[in-house]
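Heavy-atom basis, side chains included; hydrogens, waters and symmetry copies ignored.
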Amino acid sequence: MRLHHLTITAFGPFPGTERIDFDALSEAGLFLINGPTGAGKTSVLDAVCFALYGRVPSVRNDAKNLRSHHAPPDRSPEVVCEVTIRGRRFRITRSPRWDRPKLRGTGTTEEKAKVLLQERRGGEWEALSTRFEEAGQKIGDLLGMSAEQFCQVVLLPQGDFAAFLRADAEKRRGVLERLFATEAFTEVERWLRDKRQETGREADVLRATAGSVADRAAEAAGAERPELDPDALAAWAAELSAHMNDIRTAAEDRVAAAASILAAARTAAEHGRAVADRRRRHADAHARAAALADGAVARAAVADALRAAERARRVLPLLHGAEARAARRTEAETMAVRRREVVARLVSDTADADVLRKEERTRREEVAVLEQRRGDEHRLAAIGRELKDADSEGQDLDAREAELTLFLTDSPRYRETLSARLEQTRARLAARPVAEAAVEAADRRLEAAQRRDALVVALAEADEEHRAATDAAQAARDAFQEIRQARLEGMAARLAHELRPGEPCGVCGSPEHPVPATAGGEIPDDDAESAAEAAYERVREGREEIAARLAELRAEQSAAAKDAGDEAADDLRTALAAVQGELTALTAAEADAERLEEELRQVDAEYEEARDRQEEVVTTLAENRARRVALTADALRLRTGLDAARGDDPTLEARIRRLGDEADLLRGTATAIEHLKAAADDADTAWREAADAAEAEGFPTVDAVRSAVVDDAMRDELTRQAKAYDDEEARVAALLNDAELAAAAAEPPPDLDALESTLADAEQAHQAVSSARDRARHRRDRLTALAAELREQSAAWRPVAGHHEVVARLAAVASGDPAVNTARMRLSAYVLAARLEQVVAAANERLARMSAARYILEHTVERVAGEKGRHGTGGLGLRVIDTWTGQRRDPATLSGGETFIASLALALGLADVVTVEAGGAEIGTLFVDEGFGTLDEETLDEVMDVLDGLRDGGRAVGIVSHVAELRTRIPAQLRVRKARTGSALAVIGVA
């Protein structure tokens, strides 16, 4: 970065416009910013920082106080800075926020802060940005430094470095953190701390899970759980499982012995039960034989009942027929009574079938008359439906009319919106020619840059050829001059040879010839001189041709460079892509404009269509209203006639239906009376036929037939009883003749209670040992499952616990935990300590020269006396080694002059390190602010030598000081004069 020009207006202590030509000051390499205390020397540096970053250093960064209090109320504060950064020339114009007088009335209004970033391209200033964030970001990216770093690296405020030199480790850490990017290492500390908590929580969860499984295993085994350790828990669970296997094996042996005893008891009990059963069956056979003898009378009664049932079965069909005819007579009588009750309101209770038939005919004749009016009722219903449809249609037409009215009202507003959007798009399209011109210009500049870069090589070759031709022409000219000189000298020798003593010279006319010329060698002739002259002319012409070609190439390269500017071809290619992108966006905007135009045409067409439809709807709505009036009149006329025809009935149809129903009832009642007479005659005949058949079968009455009749189920039951008597006789005879039963009856009865008691005891004992075996098996199975689960949980816990241990140790090391970090340094502090070590190494190179090799700065990682607080802040200690005494001293013990040279060396060292950290950005202009008044003459000489060395590589160094001796040492100066009306600037001591 190199400063060229700085213009300050109404800024700080400067009420007017002050212009500083840093190019003129920088030609001397070292220049002085001089003036009395409070004149505004530091404000010049503030203006530089404000122009670049929009802020001023440290506590002076108060935008409300940047405007000069001496300036007229209406003068706008402004700083304009021209600067070259990484080979590109920029002009930054900034204005702070200020309160200007209102244009009308009294009082002030706030004027917002402004910025304009421009770049010199092709001999013209091109605007890059007018936004604070964008301009600041671009400048910061180009410089590679933040505002904080710039203030420390370029402005070198000595007061800050003296404080940095004497500060404790924690304050020194704060300064270094602002200058060096250690956020990544702080983030690593935080990440490790969070990871330690995360892995700790995960390990605790797995530990708790394993402990829960171990507790369940201890509960199942009835044992105590060992301490929580993955390997110990797995081994303990396996041991419990093996122990439970032994218990289960012993239980299985006891179950086998009990099963053998149970089998013997069960065999004995089963034999006793079998003997007792055979004795019981033999006794039961004798009892059943006696019962069969007692039931002989009942058996004969069953046989008589079966024979009577067979005779009654032959009479039963006639009896059923008579009963059915009697039932039909009863049903007909019931129907006739019910029918008479229904028509009781129409005819008398004693009316016969003929009267009923007559009443029926009267009603049907009236129905025939009323049915002729049925068409009017249908017409009335149809009119009602038409009227309903007409009402619905009218509502739809009203809604359509309202909808079209709303559309016709809103459509113009929507059209205005579309028109506004179209106008905006067309206004944007107005920039298309500019964009096309920009693309063409960018394309031309890129082509010129490519031609410029190609001509650099051709120009170098032509320049080399011109130098060779010039050397050759000079050699030919020297040869020609030597030959001509030799000829001239030879001509004088020939004339001297012709001179005679006392005779006048043919050239000068003198008779005296004190020193006649003599020939020093062979004299060239005219041909040799002509040949040398011709050779010189040929070489000269060749040189002039090459010079002309070289000038042509230079002119062409200069023209290409003028067209392309200072930008590289890659940057121009990027710029071309940017303007091409803008042109592409404008091309897309053309499509948007066409779409909006089409949408406008569609809106207009829809508006016209809606207006035509509204007229149609209004006409149709009027026709609908007229039709509803006509339909209402027809409906009233038909309804009057139908009201007279229906009488007291609600409708005509209801009256027709009522009269028809009454006719049907009268006809049904007459029919029921006729059916009742026929059914009574048929029933009497059937009962006489049934009585004759019963008498023929030997039954005295019809009721006797009914008593003898049995149904199929009873007949089957009587048959079954007869067969059962026969089968029981056969089975009893077989049992009484069974030899095994007879033998069992001869044996003594078995003691079943004793046998059952023995079997019960054996079963109880077997059940007890089986339950014990099952419990042992269940516990063994549960412990086996828990052991597997515990091994699984231990296997899952083990690596997590190990990982947590590693992470916890790393986190402790990174956080400076003294238990594992003997240096008690956090990771970020370690990185800052490395940076401070680099700064001290760079500072000592200059401190050795400025202190005559007496003082050396030493960086120490040990916590020094006075440092308190938590661990992890060490590593940032500074000591001063006095080589004359060999003692290490606290920086606070240095004198004022010693503190100045130490802090200056520290500032220069820090500037070197931060510059490298920022990507090696070149610092072409450097300022050193104050502190020289504390130096003696000898030390001042050493300091000036060091500062003079900073000019290597074309760097310009500005010293801010009011020390009088520096005014005699440094001729190039920027004088700051102060007065009641404000300060002013003047550049002196430069050409």
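- For the atom pair CG (Leu659) and CZ (Arg363), the distance works out to 7.5 Å, reported to the nearest 0.5 Å.
- Between the CD1 atom of Ile673 and the OG1 atom of Thr669 there is a distance of 6.5 Å, given to the nearest 0.5 Å.
- Although no hydrogens or angles enter the test, the distance criterion places a donor-acceptor pair under 3.5 Å between the side chain of Asn624 and the main chain of Ala390.
- Between the side chain of Asp352 and the backbone N or O of Val355 there is at least one donor-acceptor pair closer than 3.5 Å.
- Atom CG in Asp99 sits 4.5 Å away from atom OG1 in Thr108 (nearest 0.5 Å).
- Ionic pairing of Asp74 and Arg100 is not present here: no N-O contact between side-chain nitrogen and carboxylate oxygen is shorter than 4.0 angstrom.
- A donor atom on one side chain and an acceptor atom on the other are found under 3.5 Å apart for Tyr414 and Glu599.
- Taking each heavy atom of Leu387 and Arg628 in turn, the nearest pair found is CD1-O, 3.6 Å.
- The two atoms that bring Trp125 and Gln118 nearest to each other are CB-NE2, 3.8 Å, heavy atoms only.
- Annotation for Glu134 and Ser129: closest pair OE1-OG, 3.1 Å, computed over non-hydrogen atoms.
- A salt bridge links Arg329 to Asp684: one of the charged nitrogens lies within less than 4.0 Å of a carboxylate oxygen.
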Run the side chain to side chain contact (heavy atoms under 4.5 Å, CB included) test on Thr130 and Lys114 for me, step by step, so that the C-alpha distance in whole Å, both residues' side-chain angles and the decisive distance to 0.1 Å come before the verdict. CA-CA 7 Å; Thr130 58; Lys114 299 176 183 177; over 6 Å; no
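- Proximity of Val115 to Arg131: side-chain heavy atoms (C-beta onward) are nowhere separated by under 4.5 Å.
- Between Lys112 and Glu110, at least one side-chain nitrogen of the basic residue sits less than 4.0 Å from a carboxylate oxygen of the acidic one, meeting the salt-bridge criterion.
- Side chains of Glu359 and Val343 form no contact here, defined as non-hydrogen atoms less than 4.5 Å apart.
- A salt bridge links Glu608 with Arg611: at least one charged nitrogen is closer than 4.0 Å to a carboxylate oxygen.
- By the 4.0 Å N-to-carboxylate-O rule, Glu598 lies close enough to Arg601 to be salt-bridged with it.
- Between Arg364 and Asp664, at least one side-chain nitrogen of the basic residue sits less than 4.0 Å from a carboxylate oxygen of the acidic one, meeting the salt-bridge criterion.
- Atom CZ of residue Arg595 and atom CG of residue Leu418 lie 8.5 Å apart, to the nearest 0.5 angstrom.
- Closest heavy-atom contact between Leu676 and Ala336: CD2-CB, 4.1 Å.
- In this structure, the side chains of Arg357 and Thr671 come closer than 4.5 Å at one or more pairs of heavy atoms.
- Listed by first then second residue, pairs satisfying side chain to side chain donor-acceptor pair (under 3.5 Å) with a partner in residues 394-406 read Thr405-Gln614, not counting sequence neighbours.
- Annotation for Trp98 and Pro73: closest pair CZ3-O, 3.3 Å, computed over non-hydrogen atoms.
- Salt bridge annotation for Arg658-Asp661: absent, with no cationic side-chain nitrogen under 4.0 angstrom from a carboxylate oxygen.
- Under the 4.0 Å criterion applied to side-chain N and carboxylate O atoms, Lys138 and Glu133 are not assigned as salt-bridge partners.
- A salt bridge links Glu386 and Arg379; the closest N-O separation between the charged side-chain nitrogens and carboxylate oxygens is under 4.0 Å.
- Between Lys195 and Glu198 there is a salt bridge, with a side-chain nitrogen of the basic residue lying less than 4.0 Å from a carboxylate oxygen of the acidic one.
- Contact detail for Ala670 and Leu356: the closest heavy-atom pair is N-CD1, 3.7 Å.
- Taking CG of Leu128 as the reference point, atom CG of Leu117 lies at 4.5 Å (rounded to 0.5 Å).
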Verdict with supporting geometry, Glu126 and Glu119, side chain to side chain contact (heavy atoms under 4.5 Å, CB included): CA-CA 5 Å; Glu126 293 187 11; Glu119 184 176 2; 5.5 Å; no
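- Using a 4.0 Å cut-off between charged nitrogen and carboxylate oxygen, Arg613 and Glu609 count as a salt-bridge pair.
- Asp592 contributes atom CG, which lies 11.0 Å from atom OG1 of Thr587 (distance to the nearest 0.5 angstrom).
- Contact of the Leu576 side chain with the Asp443 side chain is registered, since non-hydrogen atoms from C-beta on lie closer than 4.5 Å.
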Please step through side chain to side chain contact (heavy atoms under 4.5 Å, CB included) for the pair Glu331 and Met335, ending with a clear verdict. CA-CA 6 Å; Glu331 181 180 351; Met335 177 60 70; 5.7 Å; no
